[in-house]
Each structure stands twice: as C-alpha cells, then as structure tokens.
Engineer: 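Below is a structure I'd like to ask you about.
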Amino acid sequence: MTSKLTNAQIAWRAAQDLPDGAYVNLGIGFPEMIAKFKPDGREVIYHTENGILDFGEAPPAGEEDWDLINAGKKAVTLNDGASFFHHADSFAMVRGGHLDIAVLGAYEIAENGDIANWSTGPGSVPAVGGAMDLVHGAKQIWVVTDHVTKKGEPKLLKECRLPLTGVGCVTTVYTSLAVIDIVNQRFVLREKLPAMSLAELQAVTGAELVVEGTIGDLIVPEV
Amino acid sequence: MTSKLTNAQIAWRAAQDLPDGAYVNLGIGFPEMIAKFKPDGREVIYHTENGILDFGEAPPAGEEDWDLINAGKKAVTLNDGASFFHHADSFAMVRGGHLDIAVLGAYEIAENGDIANWSTGPGSVPAVGGAMDLVHGAKQIWVVTDHVTKKGEPKLLKECRLPLTGVGCVTTVYTSLAVIDIVNQRFVLREKLPAMSLAELQAVTGAELVVEGTIGDLIVPEV
Amino acid sequence: MNKICPNFDEALAGIEDGMAVMIGGFGGAGAPIELIHALVERYKKTGSPGRLTVINNNAGNGAIGIAAMIYAGMVAKMVCSFPRSSDPKAFTDAYLAGEIELELVPQGTLAERIRAGGAGIPAFYTPSSYGTQVADGKPIAEFDGKHYVQERWLKADVALIKAEVADRKGNLTYRKAARNFSPLMATAAKTTIVQAGRIVEPGEIDPEQVITPGIFVNRIVEIPDPKQEEALLREGAK
Amino acid sequence: MNKICPNFDEALAGIEDGMAVMIGGFGGAGAPIELIHALVERYKKTGSPGRLTVINNNAGNGAIGIAAMIYAGMVAKMVCSFPRSSDPKAFTDAYLAGEIELELVPQGTLAERIRAGGAGIPAFYTPSSYGTQVADGKPIAEFDGKHYVQERWLKADVALIKAEVADRKGNLTYRKAARNFSPLMATAAKTTIVQAGRIVEPGEIDPEQVITPGIFVNRIVEIPDPKQEEALLREGAK
C-alpha cells in the first residue's frame, strides 16, 4: 500500500472545495481543521450548533472567553457580522436546509449515502449530539475520514454495520486515499492518490468504485 | 326588562377581576376597554399578538408611532419592562399557556364553553385573526358581551349555531345583565343586576342558569 | 459576500408568474411598501409576475401595498388570518367576485407554519381550530387526552420584508412591532429580499442584537426614510 | 410585580423529589453553577430533592454542576444529546453501574422538543433520527415523499437558568453563547428560576433586546460575578 494523506492533508483537500460565500458547519474534532486551510479570497461563514454564526479562529491561549465556544467546547472568536441565537433557532438553520455544507467524521459510510458515526455498539455510553440533525439539514454532507479503520478494514461499505446516524445523506467523502462523490447510491471516484492504482484502491474499499470520466490526481501539499 | 349595562360598564366589571400580576390579552374592540378600568394598585401586563408584551395606553393624538401598534392596529405606548418579539414567539406565549387571561367578544357562547365569534356564516368575508389560538392558550378565557343580540335573542345557548371559534374553552362571561362562570359544562350564575329576577334573566338566556350559593348583585358605577 | 443590490431590478429579479410570495407586516407596521410597489410597477409594465399567491397576516388596506397588488390583478390567492382592515375594498370586491382565492389560517397557526417551513418541520400539531370549520379535512390526533389538528409547514419562493438596519452579510434588525412575521418569513422563502432603512458595516450590529442572522437573507436594497403604510393611508394615499 | 428572591431558599422553594428539572448551559457556557450547588447543598442537608430527571445537553463534567448532582445521588435520569465531556466520570460510572437512566435525544430534536413544550405544540415531525435506533418505537410519517419521525414536546417542573441581566418583571438577556438552551427552557417549565449577574430597573433593557420576555420567568436571584463552569474546571475545581 502506498503512503496516505494525514488528517491535516484530508482537511486541506476538503477545504479547497469550500465555495465562496458558503455557510458551513464543521463537526467536532477532525473536521474543525478544515477552517485552517480555507483558500485565501473566499469568505466562508461558520455555524456552530450552540448558537453562533460567523465565528472566527481560536483566541490566543490565556485569552479564552468560556462563554464564547463552539460545539466542541473550544474557545472561538467572532468575525464582524457574527450573531448569537438560541438552540432552536440554531437547529432551524440546520434542519431547515440553510447550511450549504456540513462536514462530519464517520466510522462507516455506505454507497447509498448512509453514515454511521455516533455509536460503536453496546457497552459504551452513547452520545449523538447534533449529528443526526446535521446529516438531514445541510445541502451537502461531506465526510472526512481515513479510508480504512485502524485495523485496515474498509470504512466505505455496501451497507453500514454500526448503528446509523442518517440514511442516504452523504454527498462527498474525502479520505486519506481518494475523493469520492455519492451519486445515485454509488461511490463515484473523483480523485485518487496518483501512486495508487484503481485496483489497489478498490481492494481497500468495501463497495464498488464507479468511474465516470477522468479520475483526478489527489495531490496535497505538506501541511 | 330592566336597564342593562353599557359596554363600558361590562368592561369595568370585568376589569375588577383582573388579578395583580396577571398577563392578559384583550381582544380587538370592546375587550380593549377593560384596560381603562383596571383598579389602581394592581399591575397587569398586556400582551398583543403582533409582538409586544407590557404595552401601555394610547399616545396622545398626533404622537402615534404606527410601528408601535396593537393587534387592533391602534397606536400604543410602552411601559418600562416592555419587549418586542416575532409572531411565532408571540403565539408560543398564547398557545403555550403562558397568558393568565384572554378576553374576547362573542356572537354566541354555549353552556359547555364553546364560543362562536369569527363568522356569521356564508356570504361574508371570513376573518379569524388570533382568536382560535387565544381560546386554547390562556388559563382563563373571558367573554364580554351584551346578554342578547340586537334582536333580543339569547347569545348564551345550549349549543352554538354559528361556526365555532373554539370548543369548551370559555371560563367566565361578563354580560350586560350578569356574570356567569362556566363550570362542568353549565352556566353558573355568579352575579345579576339586582333589579332583575332570576326568572327574568333565565328568560333571556338560552340554557339553564345554575345557582350555586349566593347570587351577587351586579352593581357597576356610571363610567 | 455582498448581498446589497444597487436597485429594485436586481433585488426583485427572478420573481415569476405563479410564485408564492410572503410579505412581511402586520397592518402597516413592517409592510415593505417600496418593494411591493416596485413589483407592481414591473407587473404593470411587463404583465409579470402575475397569478401570485401572497402570504401575509392581512389582505391589504386602501389602495397601496398588497391592496395595490390586488387592484393591479397580480394576486390569484391570499393566505392570511384576517382579510379585513379599515378599508378592505380591494380584497373584498375581488373575493366576492370570485377573482381571488382565500386560504384562511388562524394567526398563530400561520406564524407557526411559516416557522416550521423555515425550520425543516414538515408538520406539527396545534390545539388551534380543533372542532371548527377551519380544521375540516385536516388530520386530528389525540395527545394526553386532548385533541389537536395537524398543520403543514408553509414555504414560499420569495419573501419581501422590511428591516430597520442591515449589513452586507444580511444581518437584520427591525423597528418595534414592525418585526412581526418578517423574521419567520426570512427563514421560509427560497429567496429573501429585504428593504433596509440603513446599511451598516458588518460588526456594527451587536451580535447579541441581531434578530435575523444573515444566513436567512439573500438580497438587500437600501431604502432610507421608507414609507409607512398606515401613515400613508392616514395622509390619504390612493 | 417583583420576581426577585432575596436568597436561594426562596428561589428554589418547592423543588421536590421526582421532578423534571431543565438546566441551561452547553458545556460550561450558561451553566447556573450557583443555583445547582445551592440545590445540591439542600439535598445533602435534607435528602431532598432526589430522584430528579435532569434535562441538559450534556451530563456533567468533572465534579461540579450537574456532575456534582450525580455524585450526590440526586439524579435518577438524564435527558441529553451528548453525555460526554472532557471528564465524564460522574455520569459514565453511574450509567454503566445502572444507577442512572439515559434518554438520548439528538441535539436539534432536544431543542425543538423543549421549544414545543413552551409553545403548546404537543408533537411535531423531524427528519432527524429517521432510520436510526433513536427512532425505534416512534411514529413515522411521510410528507411529500420523505420520511419523518414524530417527536413529543418536552416540559419540566422547574428550569434553572443563568442570565446576564434581569429586571424585576423577569426580562432577561444572556451573555454570548451562554444563551443556548436557556431561552427555550424558560418557556417549557412550570417554574423558571434564574440566576442573574445583574438586576436593573424595568425599562433599562431595551425592549428590542430582551431575549426572554418576563412572562416566562418566575423567580430571580442576583449572583454578581457568577462562577463559569469551564473556567472552574480549568482551575482544577473538585
């Protein structure tokens, strides 16, 4: 197997697709990194479930205001034009289809767009947060993820095995090996690492990779 | 038939029952007069459907601000402690049971608490406004009304004949002749004009007047 | 990101025949008179947009605002709670002549349906109108021993609203009771078009005091010293 | 009308065993630490109120706030979306030991259920959780070709919330993202109890800027310089 993208590089690649003027919710953890790599010259407005629109970067250490946090409970700052609102209004933005993009992590993604990202099954404390709302709200649902599990097993599957977060909702998957759109319940390969053959990629993917037109090279700088 | 109360006198009588600290919605027209007669020393907070809590009296003529109106489109003023909110929040106050009292006019009231006050039937332009929400929202629904129609027919009936505004919701009726509570789907007579006998009052009432305990004298000053 | 339009043509572009148009305002407070009249002028010149469904609490007063739309013949249907006003002739005549359709919705249900449209709630239950003609044909359900009427969300192609202050990102504040339905309508329309009395830089509206966050707004046109419908009527506007 | 209480005893009077208590806050922002700890102290002294159902987005962090309630043994059930935190030991241990019940609700559904409780909407439909375990046993309906889950309103006996400014009539403002669930909870509880950092005269809060109108508030206690949960945790509070 060839070398793969780091999480930061996956985030960088996803960030290149952020359109100017988009309203975007970045999931807790890994997806939050995307904001760092937004291309210059594009204005993107970030939403957080706990009631802020148009927040900015983290403040310098020691200057945190713990009443000014994002959904991951990390301290943030405000951009000019920010607003505060309560949780029902915040999820009206989500559920009402007003966000352009929501980006999530995932345990599993199925070729029909199903996603599992909240529960590894019985025995743990279940926690869902806003994910079940986000997957049905934004116009596009992006997933950023390693292409395979830590054990090397495919995370892109014909059907999810873990408890679902949402059905038929994912639109694009940015992985450590490829960029894949979900179109008509199929994984359509858009880009792959140039050093990797289609057969090699298919071998670590749990459902058919459909090719439509040219496959782009997934080339990402060191970040 | 003996003399009867004027609308202003009916409003005065209803106003005497406003509790200190109550949140109250006064319907368009006749019920609005109640505010004028609130006994001194009681603080009552008025709600209007179009998004104001704690509004005050009408401004002097010529000093109206037409962005500061009540549901009857009349200019109002603000008390200290007023607030503005949008229509969904306004009706959350209504539907959610946060108002203590809503006062409405009526064409007909039935002994089970049904009220008809929005439509005189086919041929006219129907208009319902906020009445269908108010009748289900406030803890108490008061009606202020002449005891009979202009033709002298009872407005208090066994069953409403006109299209209903709400079912089983009216709690007290202040009429030109009497004060009547609706308890267990019966008209319970609380007060009547002293010059009028119970038989006389019953004769202009379309359903049985139940007497429980003493009937008070409905005595109202000239206003 | 700059949602400010230099003129009515750009602000009102894409409003087509047969669309559903939410219009802010309760009585004269919040009525976006300049936007409405620009649309009426366009209709008079081009014959479009016609056959509109107009959603507002009322159905016009006198001969300005929504009443002017009705007189111009642009309105096929009104969705409202109270189609009466001090001078309801425009609507009343058209309605009694069978030239305009009416969907009568209790005021709180109208507000909640619009909110639901903006919030992605396809249906909800309300006690309002249970047992009345207005509930005829609607699903009824019992919860905790009480009956409720199922109501559907209400969305629109376009919302025309009036704000007091706006910034280029679309953040809005309103003036007093002119707020009414406008923050809800902004959430429930595909394209929300705002006339604002004043445009400020982003950040000049305190984030605590933004009433409509910019995500709900698509286009803004600045109308300093806007007309107030009720004031116009009292001045005898025709 | 004066909703201001001179002390915690009056502010927290009437909270009884088995009640449902909504507690504002998301993470540490908006957590009414002083109210919570006054209630914990009362429980430790008197053994009441116990067996509480606590409704909050999270399930406590470290050993303060809701975690302190759990450690004290007052909480029978948590209704929340995300019972994890940087230090979720209090809840996790109790949950895995079977000592505390969990009703897991997606965050947007939790917010909407509370809003519905306050707004007199007994049930509504949401796309959230359709096709997942979380929807098991809930009614499903199709609208316009898409499936939705029916959710019920959520109410409480008591809400404990934290405001920045209050007046004696109960009008409130919040501080930044400490707003979160609190304005909703204020509407959905029989008794809403507020700790406010500052009390001002009615009229000093601009009517345009009131976030929670006083109709939703029952009692207020003034807590100048309130503790912030997250700041306390970072200072190493136990």
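In what follows, chains carry the letters A, B, and so on, assigned in the order in which the sequence lines appear, proteins first and then strands, with residues in each chain numbered from 1. All values below were derived from every heavy atom in this structure, side-chain atoms included, with hydrogens, water molecules and symmetry-related copies excluded.
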Engineer: Against chain D, work out which of P163(A), A131(A), P126(A), G166(A) has the most heavy-atom pairs shorter than 4.5 Å and name it.
Structural biologist: P126(A)
Engineer: Can you tell which of G131(D), A178(D), P127(D) has the highest number of heavy-atom pairs within less than 4.5 Å of chain A?
Structural biologist: P127(D)
Engineer: I'd like to check F84(A) versus I211(D) (side-chain heavy atoms, cut-off strictly below 4.5 Å). Are they in contact?
Structural biologist: no
Engineer: From H86(A) NE2 over to T187(D) OG1, what is the distance, rounded to the nearest 0.5 angstrom?
Structural biologist: 8.5 Å
Engineer: Atom NZ of residue position K138(D) - does it have more than 12 heavy atoms of other residues, nucleotides or ligands inside 6.0 Å?
Structural biologist: yes
Engineer: Are there over 12 heavy-atom neighbours, none belonging to R198(D), within less than 6.0 Å of that residue's CZ?
Structural biologist: no
Engineer: Using heavy-atom distances under 4.5 Å, tell me whether F91(D) contacts chain A through its side chain, its backbone, both, or neither.
Structural biologist: side chain
Engineer: Quick one: what part of A92(A) sits under 4.5 Å from any heavy atom of chain D, side chain, backbone, both or neither?
Structural biologist: neither
Engineer: Find the distance between OG (S129(D)) and CE (M132(A)) and round it off to the nearest 0.5 Å.
Structural biologist: 6.5 Å
Engineer: Heavy-atom count around E159(A) CD within 6.0 Å, excluding the residue itself: above 12?
Structural biologist: no
Engineer: What part of S119(A) gets within 4.5 angstrom of chain D, counting heavy atoms only: side chain, backbone, both, or neither?
Structural biologist: neither
Engineer: Say whether, by atom type as modelled, one donor and one acceptor occur between the side chain of Q133(D) and the main chain of L164(A) under 3.5 angstrom.
Structural biologist: no
Engineer: Measure V94(A) against the heavy atoms of chain D and call it side chain, backbone, both or neither at under 4.5 Å.
Structural biologist: neither
Engineer: Take a 6.0 Å sphere around NZ of K155(A) and say whether it holds more than 12 heavy atoms from other residues, nucleotides or ligands.
Structural biologist: yes
Engineer: Heavy-atom distance under 4.5 Å to chain A: side chain of P183(D), backbone, both or neither?
Structural biologist: side chain
Engineer: So F26(D) and K73(A), do their side chains get closer than 4.5 Å, heavy atoms only?
Structural biologist: yes
Engineer: Tell me, side chain or backbone of T109(D) under 4.5 Å from chain A's heavy atoms, or both, or neither?
Structural biologist: both
Engineer: State, with a plain yes or no, whether a side-chain heavy atom of R234(D) is found less than 4.5 Å away from one of W66(A).
Structural biologist: yes
Engineer: Is I52(A) in contact with chain D via its backbone, its side chain, both, or neither, using a 4.5 Å heavy-atom distance?
Structural biologist: side chain
Engineer: In this structure, are over 12 heavy atoms from other groups packed under 6.0 Å from Q16(A) atom CD?
Structural biologist: yes
Engineer: How many angstroms lie between CD1 in I28(A) and CZ in R84(D), if you round to the nearest 0.5 Å?
Structural biologist: 10.0 Å
Engineer: Under 4.5 Å between any side-chain heavy atoms of N180(D) and F85(A), yes or no?
Structural biologist: no
Engineer: Work out which heavy atom in K176(D) is nearest to a heavy atom in D67(A); give both atom names and the distance.
Structural biologist: CB-O, 3.4 Å
Engineer: Got a donor-acceptor contact below 3.5 angstrom from the R115(D) side chain to the H87(A) backbone?
Structural biologist: no
Engineer: Could you check if a side-chain atom of F82(D) sits within less than 4.5 angstrom of a side-chain atom of V128(A), using non-hydrogen atoms only?
Structural biologist: no
Engineer: Take a 6.0 Å sphere around CG of D136(D) and say whether it holds more than 12 heavy atoms from other residues, nucleotides or ligands.
Structural biologist: yes
Engineer: Rounded to the nearest 0.5 Å, how far does CD1 of I69(A) lie from CD of E230(D)?
Structural biologist: 6.5 Å
Engineer: Quick one: which of G27(D), G30(D), P83(D) has the most heavy-atom pairs under 4.5 Å with chain A, could you say?
Structural biologist: P83(D)
Engineer: Return the option, out of G129(A), G130(A), G51(A), C169(A), with the maximum number of heavy-atom pairs under 4.5 Å with chain D.
Structural biologist: G129(A)
Engineer: I'd like to know if D65(A) pairs up with R175(D) as an ion pair, taking the criterion as any Lys NZ or Arg NE/NH1/NH2 lying under 4.0 Å from an Asp or Glu carboxylate oxygen.
Structural biologist: yes
Engineer: Please determine whether the number of non-hydrogen atoms from other residues, nucleotides or ligands lying under 6.0 Å from atom NZ of K89(D) exceeds 12.
Structural biologist: no
Engineer: Examine whether an atom of L96(D) lies under 4.5 Å from a heavy atom of chain A, and if so say whether it belongs to the side chain, the backbone or both; otherwise answer neither.
Structural biologist: side chain
Engineer: Pick one of side chain, backbone, both or neither for F181(D), based on which atoms fall under 4.5 Å of a heavy atom in chain A.
Structural biologist: both
Engineer: Classify the side-chain pair Q107(D)/D133(A) by whether it contains a donor and acceptor separated by less than 3.5 Å.
Structural biologist: no
Engineer: Is it the side chain or the backbone of L110(D) that comes within 4.5 Å of chain A heavy atoms, both, or neither?
Structural biologist: neither
Engineer: Counting only heavy atoms closer than 4.5 Å, note whether T48(A) contacts chain D via side chain, backbone, both or neither.
Structural biologist: neither
